[in-house]
J.: 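Dumping the structure here so I can ask a few things about it.
Just follow the structure's listing: the first ligand is 1, and inside any ligand the first atom is 1.
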Amino acid sequence: MKAPQVLIIGGGWAGLAAALTATASGAQVSVWEMAPRLGGRAKSFTTAEGHERDNGQHLLIGAYTECLRLMRWVGLSPEEVLLRTPLDLRFASGAGFHLPHLGLGPFQLLAGLWRSGQGPVAEAWRLKERWQLFLVSWGWQRQKWRCAEDQSVADLCASLPPKIVRDLIEPLCVSALNTPLAQASGRVFLRVLQEALLGGIGASDLLIPKVPLSMLWPAAATHWLKQHGAEVHTHRRALSLLQTGEIRGSQGGSGGLGPWQVTSVVGDQRFEQNFDRVILACPPLEAARLLPQGLNPAWQTSAQALRYEAIATVYVQVEGVPPGKAVLPRPIMALRSSDQAPAQFILDRGPLGGPPGELALVVSACSAMDRESLTQAVLKQAQQLLATHPTLRGLNLRPVHTLVEKRATFACTPGLKRPSMAVGPQLWACGDYVEGPFPATLEGAVRSGVAAAEQALKGQGQQAIPLLIQG
Ligand SMILES: Cc1cc2nc3c(=O)[nH]c(=O)nc-3n(C[C@H](O)[C@H](O)[C@H](O)COP(=O)(O)OP(=O)(O)OC[C@H]3O[C@@H](n4cnc5c(N)ncnc54)[C@H](O)[C@@H]3O)c2cc1C
């Protein structure tokens, strides 16, 4: 039987996961990516000085089982490319959330919560506050980590003490959902907590990339794809889709239709090619634009209705730090944020394989502020942090790069109806925004890519890799 020709439009993490899965199932796969590099929002670029810098800091956690599986699949060792540390969202003062490995099995979380919130007296969690946290989380456990669809994270945590909300819930919510508490979906938040905190040993660990994002997975995935006969093109943008034959409904059924005729552009040249199946792995607005008129208006409307949250990353350089020397006591620290001090996290890039002395300050759910004001506000925040350390006080800091991704993630709001994976006959969508239990994350993107390719190749045979996550 002739291998089906599958086109994947978009070479982000979802598209590459779909391509690997489809190739392993015996399809003849082509990936078209319009940018010069693969990786989508999670890639690196080369600066004018020749450094590799990420398109924003990315953190993974131990519960990202599909990302880890696909890294191993293409020959990478997660242990070599990721720094694994226990979940640690403590502030400079030592207050905040910390989940060290205590070897206590199922009691690990309780013990971790108990030990968290230490630090100076004014910031430490009091016994009564810890007890309230225990009662509320026990309630979540009894409800099997589910809540009404219209509940926000703020609603869910209304009975928690403000200190616990500020030190624990806010950093977790903003880092996982990139959406402010009052607008963030309680249901998705509980799902993330369940996966991370109760997902077994190591699920809550932070996995911090030690190599530039493009080398973390996209480059190795591309190499594997090419070695296994897939075609991977950059600089190639899909312009339009047209299904030859009669279009009958929107559930991805076969129905004897002709192949998809896809027009693409490379430089100023246009091409037309036919494919048996198409997976849209591009962002939702572009996917909606590509749909032929009248094919699935409901899908288009839900894709166009998504709202977005920005993430800004301000890279600053501490002068005079020797190679290999850390600036901060921990690779990542939480920051107290406010309108004037907007960053919530700081990472020390030197020990993570970046230039010595480079710090990355992350502003999640970044609201309107012009780039220059944002850079200055974050720089001041970094200076104030360093001033609290006797050995760092007086060191010179300068901003080196500010990146603002306006559409970093979709706003993960209560009751949000996300576009489905099935779009039309022999046409599927994948990406972090597609219907699923997770917020916009690498893991959500990768799981969605795997699932779309499985649907597209259903009954196709080989299944050369274990495609489904166990359990
Ligand atoms: C600054 C920042 C920080 C983040 N931090 C984290 C984090 O810490 N942890 C985490 O898990 N997630 C994080 N995320 C989210 C994560 O990056 C995304 O969830 C993930 O990369 C989405 O992958 P995707 O493949 O679904 O989409 P995308 O990465 O958007 O890929 C879509 C691809 O389609 C291409 N494309 C578009 N139109 C066309 C066309 N017509 N033809 C061909 N190609 C096309 C695009 O160029 C792009 O490469 C962060 C995102 C940002 C921006």
J.: Which class fits the ring pair Trp140 and Phe189: parallel under 30°, tilted 30 to 60°, perpendicular over 60°?
T.: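 Ring orientation of Trp140 relative to Phe189: perpendicular.
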
J.: In terms of residue, atom name and distance, what is the protein heavy atom nearest to atom 15 (C) of ligand 1?
T.: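 Going atom by atom, the protein heavy atom closest to atom 15 (C) of ligand 1 ends up being Ala440 O, 3.9 Å.
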
J.: Does any N or O in the side chain of Ser214 come within less than 3.5 Å of the main-chain N or O of Ser44, such that one atom is a donor and the other an acceptor?
T.: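 Flag set: sc Ser214 to bb Ser44 pair under 3.5 Å.
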
J.: Is it true that Arg407 lies under 4.0 Å from ligand 1, counting heavy atoms only?
T.: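 Per 4.0 Å heavy-atom rule, Arg407 does not contact ligand 1.
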
J.: Can you check whether Leu59 has an N/O within less than 3.5 Å of an N/O in ligand 1?
T.: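 Min N/O separation from ligand 1 is below 3.5 Å for Leu59.
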
J.: So which protein heavy atom does atom 23 (O) of ligand 1 come closest to, and at what separation?
T.: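 The protein heavy atom lying closest is Ala445 CB, 3.6 Å.
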
J.: Before signing off on this row, confirm whether Glu286 and ligand 1 have an N or O atom pair separated by under 3.5 Å.
T.: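 Between Glu286 and ligand 1, an N or O pair is found under 3.5 Å apart.
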
J.: With respect to Leu442, determine whether any N or O atom, backbone or side chain, lies less than 3.5 Å from an N or O atom of ligand 1.
T.: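 Yes; at least one N/O pair falls below 3.5 Å.
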
J.: Got the closest protein heavy atom to atom 31 (O) of ligand 1, with its distance?
T.: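 The closest heavy atom on the protein side is Gly12 CA, 3.6 Å.
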
J.: For Ile61, is there any backbone N or O sitting under 3.5 Å from a side-chain donor or acceptor partner on Asp205?
T.: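 No, Asp205 side chain to Ile61 backbone: no donor-acceptor pair under 3.5 Å.
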
J.: Mark up the atoms of ligand 1 that fall under 4.0 Å of a heavy atom belonging to Gly431, in ascending order.
T.: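 Answer for ligand 1: 26 (O).
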
J.: Among all protein heavy atoms, pick out the one at the shortest distance from atom 34 (O) of ligand 1; state its residue, atom name and that distance to 0.1 Å.
T.: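 Of every protein heavy atom, Gly10 CA, 3.3 Å lies nearest to atom 34 (O) of ligand 1.
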
J.: In terms of residue, atom name and distance, what is the protein heavy atom nearest to atom 47 (O) of ligand 1?
T.: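 For atom 47 (O) of ligand 1, the nearest protein heavy atom is Glu33 OE2, 2.6 Å.
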
J.: Which of the numbered atoms in ligand 1 are below 4.0 angstrom from a heavy atom of Gln57?
T.: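 Counting atoms of ligand 1 from 1, those under 4.0 Å from Gln57 are 3 (C), 4 (C), 5 (N), 8 (O).
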
J.: Has Asp348 got a side-chain atom pairing as donor or acceptor with Leu328's backbone, closer than 3.5 angstrom?
T.: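 Looks like yes, one N/O pair under 3.5 Å.
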
J.: Looking only at non-hydrogen atoms, which of Ala18, Ser175, Ala238, Ala281 approaches atom 42 (N) of ligand 1 most closely?
T.: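 Nearest option to atom 42 (N) of ligand 1, by heavy atoms: Ala238.
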
J.: So, is the end of the Arg418 side chain (NZ or CZ) under 6.0 Å from the ring centre of Tyr433 and within 45° of the ring's axis?
T.: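 Here Arg418 fails the 6.0 Å and 45° test against Tyr433.
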
J.: For ligand 1, which atoms have a heavy atom of Asn55 less than 4.0 angstrom away?
T.: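 In order of numbering, the contacting atoms are 1 (C).
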
J.: Do ligand 1 and Arg289 have nitrogen or oxygen atoms that lie under 3.5 Å from each other?
T.: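 Such a contact does not occur with ligand 1.
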
J.: Quick one: does Leu38 get within less than 4.0 Å of ligand 1, heavy atoms only?
T.: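 False for this residue.
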
J.: Please determine if Arg349 forms a cation-pi arrangement with Tyr315, meaning its NZ or CZ atom is less than 6.0 Å from the six-membered ring centre and no more than 45° off the ring axis.
T.: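 Pair Arg349/Tyr315 does not count as cation-pi.
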
J.: Would you check whether Thr409 has a nitrogen or oxygen atom less than 3.5 angstrom from a nitrogen or oxygen atom of ligand 1?
T.: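 N/O-N/O distance below 3.5 Å does not exist for this pair.
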
J.: Short question: side chain of Ser30, backbone of Leu7 - any donor-acceptor pair under 3.5 Å?
T.: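 Judged by distance alone, no pair lies under 3.5 Å.
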
J.: How far is atom 39 (C) of ligand 1 from the closest protein heavy atom, and which atom is that?
T.: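 Checked against all protein heavy atoms, atom 39 (C) of ligand 1 sits closest to Met34 SD, 3.4 Å.
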
J.: At what distance is the nearest protein heavy atom to atom 6 (C) of ligand 1, and which residue and atom is it?
T.: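 Result: His58 CD2, 3.3 Å.
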
J.: Report yes if Trp13 has an N/O atom closer than 3.5 Å to an N/O atom of ligand 1; otherwise report no.
T.: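 It does: an N or O of Trp13 is found under 3.5 Å from an N or O of ligand 1.
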
J.: Is the positively charged end of Arg37 above the ring of Phe45, judged by distance under 6.0 angstrom from the centroid and angle within 45° of the axis?
T.: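 Not flagged: Arg37 not positioned over aromatic ring of Phe45.
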
J.: Please check this pair: side chain of His58 against backbone of Gly56, looking for a donor-acceptor N/O pair closer than 3.5 Å.
T.: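 Checking the backbone N and O of Gly56 against the side chain of His58, a donor-acceptor pair under 3.5 Å is found.
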
J.: Examine ligand 1 and decide if any of its atoms is less than 4.0 Å from a heavy atom belonging to Tyr433.
T.: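 Contact check Tyr433 vs ligand 1: negative.
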
J.: Measure the distances from the heavy atoms of Lys43 to every atom of ligand 1 and state whether one is below 4.0 angstrom.
T.: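 Outside the 4.0 Å threshold, so no.
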
J.: Answer yes or no: does an N/O atom from Gly56 fall short of 3.5 Å to an N/O atom of ligand 1?
T.: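 N/O-N/O distance below 3.5 Å does not exist for this pair.
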
